[in-house]
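Since the structure comes first, as structure tokens, the remarks are kept for the end.
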Amino acid sequence: MNFKKVAVRTLAVVLMAGGFLWWWQTEGQYRNIQFVSGDPDVSSAKEYERYYEALKRAYANDEYGGATPEETLQLFIDALKAGDVDLASKYFVVEKQGEMRKEFTIGKEKDTLNKFVEILEREKSGSYYGDSKNQFVFTTFDENDVAEFSFDLVLNLETNKWKMSEL
């Protein structure tokens, strides 16, 4: 083999390795980011990065929620009782606030929020789960002590406020 062939092959390998590293920095690393309620519907790494940065800012500036899961639940119930669907939706994780505002608005229009509040105020038990103390689940029980409804809360680590994540 002559020097020219070795140099061309070496350059090809370096370019391929560089291409892979560039791909990993601009596309590949974003595959592993997990959000509380799933990945957003974005079509490029740049959109994903913009979404992720906006989400981080939103979580850092989110002042709604309580210091405990129980406090957040009570604030949420109080907002629903008052018919304040905008406030009630703010006790959810950032990604779900718009969706929940729509759901609660429909519930308010159909006059079903009171029934939902009745369920939330029933006998319930709660417990932390997962590897840390950052997740909590409440379960409500009907009059026969049968589990009826469960909902999850997560701790916003940026503000130390508990947020509803799943109903």
Side-chain angles (χ1 to χ4, degrees), residues 24-142 147-167:
W24 180 254
Q25 289 298 313
T26 59
E27 299 280 342
Q29 68 179 336
Y30 298 107
R31 292 174 294 132
N32 297 320
I33 296 171
Q34 294 292 316
F35 296 104
V36 172
S37 63
D39 289 338
D41 183 23
V42 294
S43 59
S44 74
K46 291 290 184 201
E47 288 177 48
Y48 208 104
E49 185 174 11
R50 279 192 292 273
Y51 175 84
Y52 179 71
E53 291 303 319
L55 191 61
K56 280 179 24 181
R57 281 191 304 278
Y59 271 101
N61 295 319
D62 187 5
E63 59 191 51
Y64 295 92
T68 65
E70 294 83 2
E71 183 182 358
T72 295
L73 177 61
Q74 191 57 55
L75 291 166
F76 174 63
I77 290 170
D78 292 345
L80 288 176
K81 281 182 176 178
D84 191 341
V85 297
D86 288 329
L87 180 58
S89 68
K90 290 179 181 176
Y91 294 115
F92 275 81
V93 292
V94 172
E95 305 95 311
K96 290 204 168 186
Q97 290 176 4
E99 171 191 344
M100 297 314 297
R101 186 178 305 106
K102 288 177 190 173
E103 294 286 329
F104 297 142
T105 299
I106 292 168
K108 186 176 180 178
E109 290 168 357
K110 293 185 176 190
D111 200 28
T112 59
L113 285 183
N114 291 335
K115 179 68 175 161
F116 184 52
V117 168
E118 284 177 24
I119 293 170
L120 293 173
E121 289 184 320
R122 288 190 182 148
E123 178 89 21
K124 63 184 136 305
S125 68
S127 63
Y128 293 94
Y129 67 94
D131 294 337
S132 64
K133 298 288 186 186
N134 299 339
Q135 299 171 319
F136 195 89
V137 62
F138 281 109
T139 304
T140 61
F141 298 91
D142 67 12
E148 179 178 37
F149 189 75
S150 70
F151 42 100
D152 297 347
L153 290 94
V154 295
L155 182 63
N156 176 350
L157 298 174
E158 297 292 322
T159 61
N160 287 319
K161 300 282 187 177
W162 283 89
K163 306 295 285 184
M164 307 281 292
S165 63
E166 293 291 329
L167 287 179

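Numbers for residues simply follow the sequence, beginning at 1. The analysis underlying the following values was restricted to heavy atoms, covering all of them including side chains, and did not include hydrogens, waters or symmetry mates.
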List the steps, then state whether side-chain contact (heavy atoms from CB on, under 4.5 Å) holds for Tyr59 with Leu157. CA-CA 8 Å; Tyr59 271 101; Leu157 298 174; over 6 Å; no
Rounded distance (nearest 0.5 Å) linking atom CG of Leu120 with atom NZ of Lys115: 11.5 Å
Over all atoms of both residues, closest heavy-atom pair of Lys108 and Gly83: NZ-O, 2.8 Å
Identified side-chain hydrogen bond (donor to acceptor under 3.5 Å, both in side chains) counterpart of Asp62 within the set Lys90, Lys163, Lys161, Arg57: Lys163
Taking every non-hydrogen atom, the tightest pair across Thr159 and Ala60: CG2-O, 3.6 Å
Nearest 0.5 Å please: distance from the CG atom of Leu80 over to the CG atom of Leu75. 11.0 Å
Looking only at heavy atoms, which two atoms of Ser125 and Phe141 are closest? And how far apart? OG-CE1, 3.6 Å
Do you know which two heavy atoms are closest between Lys124 and Leu73, and how far apart they sit? CE-CD2, 3.3 Å
Test side-chain contact (heavy atoms from CB on, under 4.5 Å) on Phe76 and Phe151 and set out the steps. CA-CA 12 Å; Phe76 174 63; Phe151 42 100; over 6 Å; no
Rounded to the nearest 0.5 Å, what's the gap from OG1 on Thr139 to CZ on Arg122? Could you check? 13.5 Å
Would you say Asp152 and Tyr129 make side-chain contact, with heavy atoms under 4.5 Å? yes
Hey, what do you get for CD (Glu166) to OG (Ser150), rounding to the nearest 0.5 Å? 9.5 Å
How many angstroms lie between CG in Asn156 and CD in Glu63, if you round to the nearest 0.5 Å? 11.5 Å
Indicate the ring-plane relationship of Phe104 and Phe92, choosing parallel, tilted or perpendicular according to the 30° and 60° boundaries. tilted
Validation row: Val154, Asn134 side chains within 4.5 angstrom (heavy atoms): no
Any side-chain heavy atom of Trp162 within less than 4.5 Å of one from Glu70? no
Do side-chain atoms of Lys96 reach the backbone of Ser165 as a donor and acceptor pair under 3.5 angstrom? yes
So do the side chains of Phe149 and Leu167 get within less than 4.5 Å of each other, counting heavy atoms only? yes
Closest approach of Thr140 and Ile119, non-hydrogen atoms and distance? CG2-O, 3.3 Å
Is a salt bridge present between Glu53 and Lys56, judged by a nitrogen-to-oxygen distance below 4.0 Å? yes
Min side-chain heavy-atom separation Phe138-Leu153 under 4.5 Å: yes
Out of curiosity, Leu155 CG to Tyr128 OH, how far, rounded to the nearest 0.5 Å? 8.5 Å
With a 3.5 Å distance limit and no angle check, can you tell me whether Thr72 reaches the backbone of Pro69 through a side-chain donor-acceptor pair? no
For a quick check under 3.5 Å, do Gln74 and Asp78 share a side-chain donor-acceptor pair by atom type? yes
